[in-house]
2 protein chains.
Amino acid sequence: MASHGARGRSGGRPTLEEVAARAGVGRGTVSRVINGSPRVSDATRAAVEAAVAELGYVPNTAARALAANRTDAIALVVPEPETRFFAEPYFSDMLKGVGAALGDTEMQLLLIFAGSDRERRRLAQYLAAHRVDGVLLVSVHADDPLPDLLAQLEIPAVISGPRSSAETLPSVDSDNYGGARQAVEHLLSRGRRRIAHITGRLDVYGAQRRIDGYREALIDAGLGADEALIEPGDFTEEGGHRAMAALLERDPGLDAVFAASDVTAAGARQALREAGRRIPDDVALVGYDDSAIARHMEPPLTSVRQPIEEMGRRMIDLLLTEVADRRPLASRGLERRQVVLATELVSRSSS
Amino acid sequence: MASHGARGRSGGRPTLEEVAARAGVGRGTVSRVINGSPRVSDATRAAVEAAVAELGYVPNTAARALAANRTDAIALVVPEPETRFFAEPYFSDMLKGVGAALGDTEMQLLLIFAGSDRERRRLAQYLAAHRVDGVLLVSVHADDPLPDLLAQLEIPAVISGPRSSAETLPSVDSDNYGGARQAVEHLLSRGRRRIAHITGRLDVYGAQRRIDGYREALIDAGLGADEALIEPGDFTEEGGHRAMAALLERDPGLDAVFAASDVTAAGARQALREAGRRIPDDVALVGYDDSAIARHMEPPLTSVRQPIEEMGRRMIDLLLTEVADRRPLASRGLERRQVVLATELVSRSSS
DNA sequence: AGGTAGTGTGGGAGCGCTCCCACCAGTGAT
DNA sequence: ATCACTGGTGGGAGCGCTCCCACACTACCT
């Protein structure tokens, strides 16, 4: 019944024109009301709003996108396979923050995975078609070509962890350096003296900063940093296990470990168990992220909390500013748009 | 540098018209090539393709959407809070299947959560604006108004589990009845005689079908179904724990439990432990879903596997057909578009 | 030769918006 | 009275596509 082929008149969705006729005003005026322009008299605005309500008018996004050259959508790009996304609580927390910040906006959020080469090509095509107004980039490695592509296409983007100290893109990050210091200082205050560090992926800037924090906290405490106590990991459980085993072999006398992530700490814990070390009696353990894993570990894991939801919110703030600035091409200052948020040590029984 | 204000000519993205000029053909012909129409000579097609490549032409989606009245996007709607989505492996597997099936399409997938009232209103608005060509509905409860809204807006939709035996929407489901029978028959073959069942949410049709399968398997075995051995759960861990405790109190002699989900089984396991029952020695336990939880449980859990990825693929197939049919309004037969996929029992040491 | 299909092809007419220019009061300063 | 302005308003001109009608031009029948 009804609806012959879309091209037909009336019966389909009402248009701006029809609302205008109903309200007895011009098309331009209705458009102004819909878009919240202040240059409309109160009486006219009321009349238009009534017509909109009566007709159940909903703007046609495609027409708007075509005329205004924008899409009202932004993408959250995850350069990882789905699996990792679901496994790491980091992403779901981030998504929650982003979702919340977008709640009162017209903006639509698209979640795009770009783990495989095929997916990345698809993404490039997608971006080339300018199907989003802006991009949120999380978990980007130092050599990722994505940021350059975005810059070349002149698409506003915000990155979740800067790629280096010279990051050009606006970014939001937690204070990795400070967080690492907190962890080490905590261990020192507990009387630990031989504190090892299992790092994150070395091509991730944040992991480097954590190493710096670890090192300098020890130096400031007058202990000096023993490079033999630093073992590279990769943020995974297996990596943590391997690194811990290596550390124990090299230095059986260590009495504490700071792991670059909770997942890594879980791996380290396993290796410690296998070596017959008790936590925290023989070796104290501190993780990073304060994820669900930390709370459920046996024993519960002391960890450095990053305000991930807050980071998500701040990324959206930055991005929306960026997107809005694009149109009037306004005050594009050289103000560095790099946000760094404080971390917090959550003490539990593993240390 | 460059790009004054979008409205300006040349320098921006190339248009169909420009490609046509370059290839020395008309606009219509280029459009035909882009959309893969067969009514173009090979020579012309080659010329157009060359022009497209030279200019780096990418169709403007907004213009296409406006002219053709379609969006080339579909939504996967999850009427649950984000949290549940990330917690249950069901969703990530489904997403993987859907993503795979969409891989070779132009279609864009949008993931939309509609857990809170606010989110649901936003979704309604979104759908009213016809921003997607079709909708995939997962985990819908019997009284959800969403399917009706979709029907009213004439938006094609496919549902992952039918709401009743009289489901009108196209649907894809696993054989809940058969799966439950497999579980019970397995327990019977292991010599168990007092088999209890912890159900899923009773307002979910699939949960009802599992109860039917459980009941009839027992009746067919000549044991008769003892209603006192059926305890309602809600698919959660706490629900499983509570139900198991209730069952043990009512019937301390039971020797097996069939839980409506792996998560439920995890809760039941806990309650069994607390009551001093050994698994499987005293009580055998079987779950449903064969999720990661089942493999990692102690002891590993026997479970009924649903081909979730495959379900995701089939849903996409159905939906794309539905969407395509919309335009020519063709052979809309009364063929029931209800797909039911077989389950498989994965036997592990809990039974 | 005239008809009758069938194949390619060009281009007009929208799709429903936003942008912006023109215009029409009013209001206050000159 | 004249000349600015200024807050409001109408509507033309696109945005870049798809759809479809019209018009070749061939090929094959009567």
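Any value given below was found using the heavy atoms of this structure, including those in side chains, with hydrogens, waters and symmetry copies removed.
If you take CG of A/Leu55 and P of C/dG16, they are 14 Å apart, rounded to a whole angstrom. Whole-Å rounding puts the A/Arg64 CZ to D/dC17 P distance at 21 Å. The CZ atom of B/Arg45 sits 13 Å away from the C1' atom of C/dT7 (whole-angstrom rounding). Rounding to whole angstrom units, OH of residue A/Tyr57 and P of C/dG16 are separated by 10 Å. Counting to the nearest Å, the P atom of C/dG11 and the CD atom of B/Glu17 are 9 Å from each other. The CD1 atom of B/Ile34 sits 15 Å away from the P atom of D/dG16 (whole-angstrom rounding). Residue A/Arg39 contributes atom CZ, which lies 15 Å from atom C1' of C/dC24 at whole-angstrom precision. For the pair B/Glu18 CD and D/dC15 P, the computed distance is 10 Å after rounding to whole Å.
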> Checking side-chain contact (heavy atoms from CB on, under 4.5 Å) for the pair A/Ile316/A/Leu136: CA distance, chi angles, key distance, verdict?
Replying inline: CA-CA 8 Å; A/Ile316 290 294; A/Leu136 248 34; 3.6 Å; yes
> So B/Val135 and B/Ile74, side-chain contact (heavy atoms from CB on, under 4.5 Å) or not? Walk me through it.
Replying inline: CA-CA 6 Å; B/Val135 171; B/Ile74 62 176; over 6 Å; no
>> Using side-chain contact (heavy atoms from CB on, under 4.5 Å), reason through B/Val30 and B/Val25 one step at a time and then give a plain yes or no.
In response: CA-CA 7 Å; B/Val30 177; B/Val25 300; 3.7 Å; yes
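A donor N or O paired with an acceptor N or O is found under 3.5 Å between the base of C/dG12 and the side-chain atoms of B/Arg27. For A/Arg32 and D/dG10, a side-chain-to-base donor-acceptor distance below 3.5 Å is present, hydrogens and geometry of angles not being considered.
For the pair A/Asn69 and C/dT18, the criterion of a side-chain N or O lying under 4.0 Å from OP1 or OP2 is not met. Residue B/Ser41 places at least one side-chain N or O closer than 4.0 Å to OP1 or OP2 of C/dT9. The side chain of A/Asn35 places an N or O atom within less than 4.0 Å of a non-bridging phosphate oxygen (OP1 or OP2) of C/dT18.
The side chain of B/Leu16 lies closest to D/dT18, out of D/dT18, D/dG14, C/dT7. The B/Thr29 side chain lies nearest to C/dT9 when the options are D/dC19, D/dG16, C/dT9. Listed candidates were D/dG10, D/dT18, D/dG16. Nearest to the side chain of B/Ala68 is D/dT18. Comparing atom distances between the B/Ala63 side chain and each of D/dT18, D/dC17, C/dC17 picks out D/dC17 as nearest.
A donor-acceptor pair shorter than 3.5 Å can be found between the side chains of B/Glu80 and B/Ser139.
Aromatic rings of A/Phe85 and B/Phe86 (six-membered ring for Trp) have centroids within the 6.0 Å cut-off, being under it.
Heavy atoms of B/Thr44 sit under 4.0 angstrom from primed sugar atoms or phosphate atoms, though from no base atom.
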